[in-house]
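Accompanying notes for the structure given below.
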Amino acid sequence: MKWFVLLLTVPMCFAHLNVYLSSAEVWRLLGLTAELFYVRDGQVNFYALNFVVPVPATIGELHFTWQSLTRRPLPYTLHVEVVNHSEAMHTPEFNISTEGFVPTEPQTWQVTLPCTHAVAAEVDITISLNVSTGSSSTALHFRRRKICLKDAPRPAVRVDSVPHAQTSADIFYAGAGCAGGALLIAAVAAAACRARARKLRRARSDEQDAHAFLPDSSCKSAASYTSYRRPTSLPAAAAEERARDLQQRIAELTIQRCRVRLRSVAMEGTFGRVYRGTYADEDAREQEVLVKTVAEHASQVQVSLLLQEGCMLYGLHHERVLSVLGVSIEDQTAPFLLYPWGASWRNLKQFLLACRGVTVGGAAGGAPPPPLTTQHVVRMALHALDGLLYLHSQHVLHKDIAARNCIVDENLRVMIADNALSRDLFPADYHCLGDNENRPIKWLALESLTKRMFSPAADVWALGVLLWELTTLAHQPYAEVDPFEVAAYLRDGYRLQQPANCPDELFAVMAYCWAMSPDDRPTLPQLQIFLRDFHTQLTRFV
Ligand SMILES: *[C@@H]1O[C@H](CO)[C@@H](O)[C@H](O)[C@H]1NC(C)=O
Ligand SMILES: *[C@@H]1O[C@H](CO)[C@@H](O)[C@H](O)[C@H]1NC(C)=O
Ligand SMILES: *[C@@H]1O[C@H](CO)[C@@H](O)[C@H](O)[C@H]1NC(C)=O
């Protein structure tokens with residue numbers, strides 16, 4: 001319902017402006033490094049606008065950034081309303097005039113949310129921004145839920161140095177804040193996906209856009225945010241037509257999945273589901289896809305993670321990298337991530353296990369793969385290395401290189417994929433060390449494990465473990481070592497053992513990847529030269 005109300009109040013030719021939270025602000029509120037756009041280039045992000053952002057007790061003011069993108073003056077009015085519990089909050093105040101013109105330079109303004117500390121409450125606040133465009137005016141409503149504690153002194157220090165008051169109220173509020181935060185994280189991730197898609201689409205403007213989010217034709221005029229951008233003004237009738245069209249588009253959003261046909265379950269975890277299926281584009285051309293999604297009982301955190309991790313490789317194009325083709329988020333409880341797929345493609349870890357005669361995770365059987373030779377292994381490692389080289393050239397660290405996050409086809413060509421759902425599908429490969437973070441402990445470089453430091457050299461370490469997985473047909477690394485002991489084990493200088501049948505030269509390379517100091521590990525180009533030479537030697541003697 002709310003969506004429709006909002007949509008009706010927003011004309012298609014919305015004022016040409018940006019309204020967003022800077023990455024510093026998003027970091028302060030949600031601990032994420034990303035800008036959050038409410039309006040970008042005049043295009044409204046309803047998804048983000050619909051979230052009630054929780055404001056922790058320690059944050060006393062909110063910052064917004066805006067900028068007019070047109071030369072014409074853009075008059076605005078600002079208004080803030082305390083929706084409930086007005087006894088818990090003094091009147092919020094802006095530090096800019098509540099009436100004026102949106103500046104053409106980016107400007108940050110703030111609104112203070114002063115708690116009275118007379119009572120503890122979750123106070124709902126709505127900040128309304130009216131922007132006039134010629135004859136009409138448009139209202140955007142930003143909703144916040146501020147946590148006010150009773151008798152708490154105003155924090156005069158930075159948020160991260162405020163000691164934790166362990167009152168039961170505090171714990172309750174923290175919990176409440178988290179749920180909202182997860183939703184917003186999903187929104188931010190989804191917005192990031194769209195922004196990236198849009199950038200790409202702009203870059204390839206003449207292209208027929210095979211990578212749109214599940215659009216058109218049999219699904220009528222399904223909307224992607226791109227088609228929303230109408231900074232030019234339209235005649236009234238056309239605008240009305242547009243508005244109707246828009247409503248219809250939103251309605252269509254909920255059935256966009258009609259383009260996706262799920263055929264069979266490829267893998268299944270406790271909440272994650274991976275399907276094989278087909279996706280029909282605007283011209284009804286069908287293409288094989290893999291669909292990653294979650295079951296209905298998945299939590300918001302799991303949903304957010306799926307979106308965040310699934311978007312990691314979005315828009316990257318390389319023959320050794322499998323990146324997501326599209327995202328369907330119309331149903332917040334269970335987004336769909338689509339990946340292009342080949343009939344003979346398999347998850348590399350499952351493939352390796354099948355080579356050993358083991359099946360996991362409901363893997364579709366198929367003929368047992370031919371035995372792998374050292375030559376195959378080296379070639380496969382080179383493929384993964386090529387993919388990783390490309391990612392690094394695009395300034396993307398993978399942070400979870402492992403056989404489970406690779407794909408292999410019938411010609412033993414390997415591609416790197418993202419790690420969305422891997423925690424759920426390969427639970428034995430991830431562990432929590434006392435905190436709530438489920439990490440691929442046994443694939444992590446020592447500094448990533450102990451200090452959470454990531455660098456290209458940390459990906460190189462994991463690539464070494466991947467090489468070890470290839471030579472052992474996906475044995476569990478350090479199977480006998482307790483996850484809690486891994487750091488100490490590595491610090492003491494222990495490493496994975498040389499697999500049977502693994503030539504010394506190849507093992508030397510792996511061991512080299514696991515050097516204690518990141519600076520001592522080989523670079524990817526060095527590894528590439530070595531593995532190529534080694535591959536040449538192998539072929540020479542066969
Ligand atoms: C915004 O404009 C609408 C009419 O377009 C008006 O009803 C509303 O009161 C205005 N809101 C503010 C905060 O000025
Ligand atoms: C309003 O507050 C923001 C954020 O603290 C600050 O950057 C900006 O300079 C302030 N503007 C005015 C006019 O005081
Ligand atoms: C008012 O406050 C409570 C929490 O105290 C909250 O759950 C509720 O959603 C708020 N908003 C409204 C509009 O009642």
Side-chain angles (χ1 to χ4, degrees), residues 15-42 44-45 48-49 51-83 86 88-117 122-132 137-149 152-162 177 180-181 184-185 187-188 191-192:
H16 212 30
L17 86 163
N18 287 336
V19 183
Y20 58 99
L21 305 185
S22 66
S23 45
E25 179 72 354
V26 175
W27 174 255
R28 213 166 62 104
L29 284 172
L30 299 157
L32 286 171
T33 44
E35 286 171 336
L36 175 58
F37 274 83
Y38 288 105
V39 183
R40 189 201 287 268
D41 265 10
V44 182
N45 181 349
L49 215 50
F51 284 98
V52 181
V53 179
V55 182
T58 45
I59 293 184
E61 76 287 319
L62 301 171
H63 301 160
F64 289 82
T65 308
W66 64 6
Q67 178 184 16
S68 163
L69 301 172
T70 139
R71 298 243 158 258
R72 276 177 293 135
L74 266 191
Y76 72 84
T77 61
L78 272 175
H79 177 76
V80 54
E81 188 191 357
V82 178
V83 179
S86 50
M89 189 178 290
H90 297 298
T91 315
E93 274 171 15
F94 297 101
N95 78 342
I96 54 165
S97 164
T98 53
E99 273 183 54
F101 297 95
V102 182
T104 51
E105 295 293 315
Q107 181 195 31
T108 300
W109 46 269
Q110 72 173 34
V111 52
T112 54
L113 304 177
C115 293
T116 59
H117 302 299
E122 285 182 69
V123 187
D124 276 6
I125 300 122
T126 303
I127 299 152
S128 306
L129 165 64
N130 265 16
V131 177
S132 309
S137 95
T138 298
L140 297 177
H141 305 287
F142 309 96
R143 295 183 296 145
R144 301 289 182 264
R145 182 162 298 157
K146 162 77 176 147
I147 290 152
C148 282
L149 299 180
R154 269 163 177 261
V157 280
R158 280 177 50 84
V159 176
D160 39 290
S161 54
V162 174
L184 196 83
I185 290 166
V188 173

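Just follow the structure's listing: the first ligand is 1, and inside any ligand the first atom is 1.
A salt bridge does not link Arg144 with Glu122: none of the charged nitrogens is closer than 4.0 Å to a carboxylate oxygen.
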Which side-chain N or O atoms in residues 97-105 pair as donor and acceptor under 3.5 Å with protein atoms at least two apart or in another chain?
unit_1 : atom_1 : unit_2 : atom_2 : d
Ser97  : OG     : Glu99  : N      : 3.1
Ser97  : OG     : Glu99  : O      : 2.5

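A donor atom on one side chain and an acceptor atom on the other are found under 3.5 Å apart for His141 and Ser128.
Residues satisfying the salt bridge (Lys or Arg N to Asp or Glu O under 4.0 Å) test with Glu81, not counting sequence neighbours, are none. Applying the side-chain hydrogen bond (donor to acceptor under 3.5 Å, both in side chains) test to Thr65 and every residue at least two apart in sequence or in another chain returns Thr108.
Around ligand 2, the residues contributing at least one heavy atom under 4.0 Å from the ligand are His63, Asn95, Thr108, Gln110.
Aromatic rings from Tyr38 and Tyr20 are positioned such that their centres are separated by 6.0 Å or more.
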